[in-house]
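Just so you know, these numbers use all the heavy atoms, side chains as well, and skip hydrogens, waters and symmetry mates.
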Amino acid sequence: MMQEYTKAAKEFVEEHPTGVTAVLVTGVGLFALRRWMAGGVCRSKARLDGKTVLITGANTGIGKETAVDMAKRGARVILACRDMGRATKAADEIRKRSGNGNVVVKMLDLASLQSVRALAKDVEQTEERLDILINNAGIMMCPQWQTEDGFEMQFGVNHLGHFLLTNLLLDLLKKSTPSRVVNVSSLAHEKGKIYFDDINLEKDYDPYRSYRQSKLANVLFTRELAVRLKGTGVTTYSLHPGVIHTELGRHFLPTLPLWKRLLFLPFFFFVKTPWQGAQTTIYCAVDESLQKTSGLYYSDCAPKEAAPQGRDDAAARRLWDLSASMVGLA
């Protein structure tokens, strides 16, 4: 039977050499393109034994994959999440996959400044150190929602919540130096603009405009934070994780008409997995070569120049002052 199949296959190839060659070349090309789209991989073997890492939104997607990696390196990992049920399940999975039982869950709702302050107080009272803070959680292209404090949801969660959390944890980060703050931004910042005169986009809300503003805010926050922390031993990084198939698009995809969703299907073959998407976050968190750099932007485990508006120091200072006023920081 096998000989018959082999003979038939050989005859088919001999009769259709051009078609077979085209299929093989296309297949190899698609595989190579998918591999290229996967981007860089963090090669650092750095250990984190005795160190503590806090990751926001670590119960799913790239946050969870980042947590697994940090735990495998020996760190105490704190999952700061809004959904405690899902976070508890994620923590169990992370412990099993990493072999590290030192994984804990803490409540954090970034849409509530009260919740942010409560988590920061908890961490300060219960943790002796904080070596790496990874501001990973986010929301993308949601309807015109407001946070508990009346801020536009995407700006409030993606930027203001993390801005406040980072500032409240700075003393602990300084105590634990050398330490790092990693802010997960996006390529979307390249089309972003900070609407200083309408920061909550009340006049003309658009989910795309809002998301881009919040991601630009991540880059500018990282840049200004680096300036303010110069010489302290705390370094900062922002990054684009890549286009990834995660839950982040849950508000975006359902709004598309069916024909557009069908057009997106082939594209999903090329998007990154959560593990691939987590690589640049991991790189910024642990790679030894970055120890003396701060405030820069990264993509595919390498430095990348941010868009011009992401390198605007005056805008970064102005955004800092506005953010501090909004969240009630002195």
Side-chain angles (χ1 to χ4, degrees), residues 46-60 62-138 147-149 157 160-184 221 225 229 232-237 281-282 284-286 324 327-330:
R47 295 291 303 173
L48 298 175
D49 303 284
K51 297 189 176 183
T52 300
V53 181
L54 190 154
I55 309 170
T56 69
N59 64 304
T60 187
I62 64 174
K64 184 164 74 173
E65 292 299 326
T66 301
V68 171
D69 184 277
M70 298 294 109
K72 283 183 177 179
R73 294 173 189 269
R76 170 176 170 79
V77 181
I78 302 171
L79 315 182
C81 305
R82 181 174 57 89
D83 188 325
M84 295 300 284
R86 295 181 66 190
T88 300
K89 290 180 181 178
D92 288 338
E93 180 185 336
I94 292 164
R95 293 185 195 106
K96 290 176 183 176
R97 288 175 60 187
S98 67
N100 181 351
N102 201 1
V103 179
V104 297
V105 174
K106 292 184 183 289
M107 170 66 190
L108 172 65
D109 181 357
L110 286 161
S112 164
L113 297 184
Q114 181 180 359
S115 176
V116 173
R117 291 181 185 278
L119 172 70
K121 184 177 181 180
D122 178 4
V123 171
E124 281 196 322
Q125 291 178 343
T126 60
E127 302 297 326
E128 294 182 0
R129 60 186 304 117
L130 179 59
D131 301 87
I132 304 170
L133 170 61
I134 300 177
N135 292 319
N136 163 82
T147 68
E148 180 181 288
D149 304 279
V157 169
L160 289 177
H162 284 130
F163 174 87
L164 177 60
L165 179 64
T166 304
N167 274 281
L168 294 177
L169 293 175
L170 280 183
D171 286 345
L172 193 54
L173 285 161
K174 290 175 182 177
K175 177 184 171 185
S176 312
T177 55
S179 54
R180 302 187 184 191
V181 177
V182 180
N183 295 317
V184 179
F221 169 46
L225 185 61
L229 293 176
T232 64
V234 184
T235 49
T236 72
Y237 314 84
T281 301
I282 297 165
C284 289
V286 304
V327 303
L329 275 180

Do [X] and [Y] come close enough that some side-chain heavy atom pair is under 4.5 Å?
X      : Y      : value
Leu165 : Leu108 : yes
Thr235 : Leu229 : no
Asn102 : Val77  : no
Lys121 : Leu168 : no
Val286 : Lys51  : no
Thr147 : Leu160 : no

Kindly say whether [Y] contributes a backbone atom to a donor-acceptor pair with the side chain of [X] at under 3.5 angstrom?
X      : Y      : value
Asn100 : Ala75  : yes
Asp122 : Ala118 : no
Arg82  : Leu110 : no
Ser176 : Arg129 : no

Residues two or more places apart in sequence or in another chain: which of them pass side-chain hydrogen bond (donor to acceptor under 3.5 Å, both in side chains) with Ser115? none
Under the side-chain hydrogen bond (donor to acceptor under 3.5 Å, both in side chains) test, which residues partner Asp171, sequence neighbours left out? none
Should Arg95 and Asp92 count as an ion pair when the cut-off is N to O under 4.0 Å? yes
If we ignore angles and hydrogens, is there a donor and acceptor under 3.5 Å between the side chains of Asn135 and Thr166? yes
Candidate list Leu79, Thr126, Thr56, Leu54, test side chain to side chain contact (heavy atoms under 4.5 Å, CB included), partner Lys106, passing option: Thr126
